[in-house]
Every structure is written in C-alpha cells, then in structure tokens.
Amino acid sequence: MDINKIFGSFDSSSNSGGWDNRSYDYTSSRNLPTMDENHPKYFIRMFWKMIFNHLVYSKQLINFFGEADSSISTKEIEYAGERMLYARAYDHISKIDINDEYHQKILAEENRKKLIKAYTLSINFYENEEEYEKCAFLKEQLDFVNFLP
C-alpha cells in the first residue's frame, strides 16, 4: 500500500490523475507534530472539538461522497460520518483516567461547559446505538466533571 497514492487521491488539482508524485518521509522526527499527542490535555480537547465540529464534518463528508457516488443515500452518509466521528472522539476521551491525579488536574483546567455538553451529546449518541458500556464510561467521567470545584 502506497501512502502517497492514498493521500494524493484527494488532490483533484494534480495533473497526474489525482495521484501525488511527491514522496514524504513519515519516519523523520522533523515531520512529527509539535503538539504532544500523548498528553491528557490533547485527548480532552480533541474529544470536545470533534463533537462540536460534527456539523461541519458531516456537511463535508456528504459533499465528498455525494459527488463521488450519487447512488449512496444522504442518510447513510450522515450515519457513517456520525459513527466515525463519535468513535474517534470516544477513542480520545477513553485515554483519560479520572482516578489519575494528573488527569483530574487537567480536567479541572478545561472549559466545563464544553466538556459537559460534549459528554452529554456522546452519551445520547451511544444510548441510541445501545452501546451501554461506553455510556457508563462517559457518564462516570461526566459525573466527575460535574462535581469539580
């Protein structure tokens, strides 16, 4: 599998039929993100940012797939996008351990209103999907955030 072809396929302005002929060195430390992607603050912020950017993401996904294949229904695209979004957001927040003092400190420093809203939306989504284990995990974290001083 050639990663350059995968990423290049999204570049419609290329003269090479959508394929990107540039090569990238993804193993070089110079190409690593400057943000620490293993920090609890990163996981928490990615969680709520993904939830709040859901509408923009859904519109982009519908436009992309709607243009690519008109036989796919808009409802199917919306559902698939929503599933992917909540799964990825859950993956981020599931790395937070409310029993860890440092994670507690980071949670206390975050915007509580945004966190509470993101947790609530996620719980509602997973209730509709009948994924009650995820609901329980999210509810435990929501309760912790609600009782922060």
[atom1]-[atom2] distance between [X] and [Y], expressed to the nearest 0.5 angstrom:
X	Y	atom1	atom2	result
Ser122	Phe47	OG	CZ	3.5 Å
Tyr119	Leu138	OH	CG	7.0 Å
Gln141	Asn146	CD	CG	12.0 Å
Phe52	Leu121	CZ	CG	6.5 Å
Gln104	Ile96	CD	CD1	11.0 Å

Is the shortest heavy-atom distance from the side chain of [X] to the side chain of [Y] under 4.5 Å?
X	Y	result
Met50	Trp48	no
Arg88	Met46	no
His92	Tyr42	yes

query: Does the pair His103 and Phe144 meet the rule for a ring pair (Phe, Tyr, Trp, His ring centres under 6.0 Å), with working shown?
result: CA-CA 11 Å; His103 289 205; Phe144 178 81; over 10 Å; no
message: Under 4.5 Å between side-chain heavy atoms, counting indirect links through other Ile/Leu/Val/Met/Phe/Trp/Tyr residues: same cluster for Tyr132 and Ile93 or not?
response: no
field: Hydrophobic cluster membership, Tyr126 vs Met84, 4.5 Å side-chain cutoff
entry: yes
- prompt: Strictly under 6.0 Å, is that where the ring centroids of His39 and Tyr102 end up?
  reply: yes
field: Presence of salt bridge, Glu109 and Lys105, under 4.0 angstrom
entry: yes
Can you tell me if [X] uses its side chain to pair, donor with acceptor, with the backbone of [Y] under 3.5 Å?
X	Y	result
Asn53	Lys49	yes
Glu140	Ile98	no
Arg112	Leu148	yes

task: Establish, yes or no, whether the cationic atom of Lys134 lies under 6.0 Å from the six-membered ring centre of Tyr90 and within 45° of the ring axis.
output: yes
task: Take Tyr86 and Ile51 through the test side chain to side chain contact (heavy atoms under 4.5 Å, CB included) and record every step on the way to the result.
output: CA-CA 7 Å; Tyr86 278 101; Ile51 302 298; 3.3 Å; yes
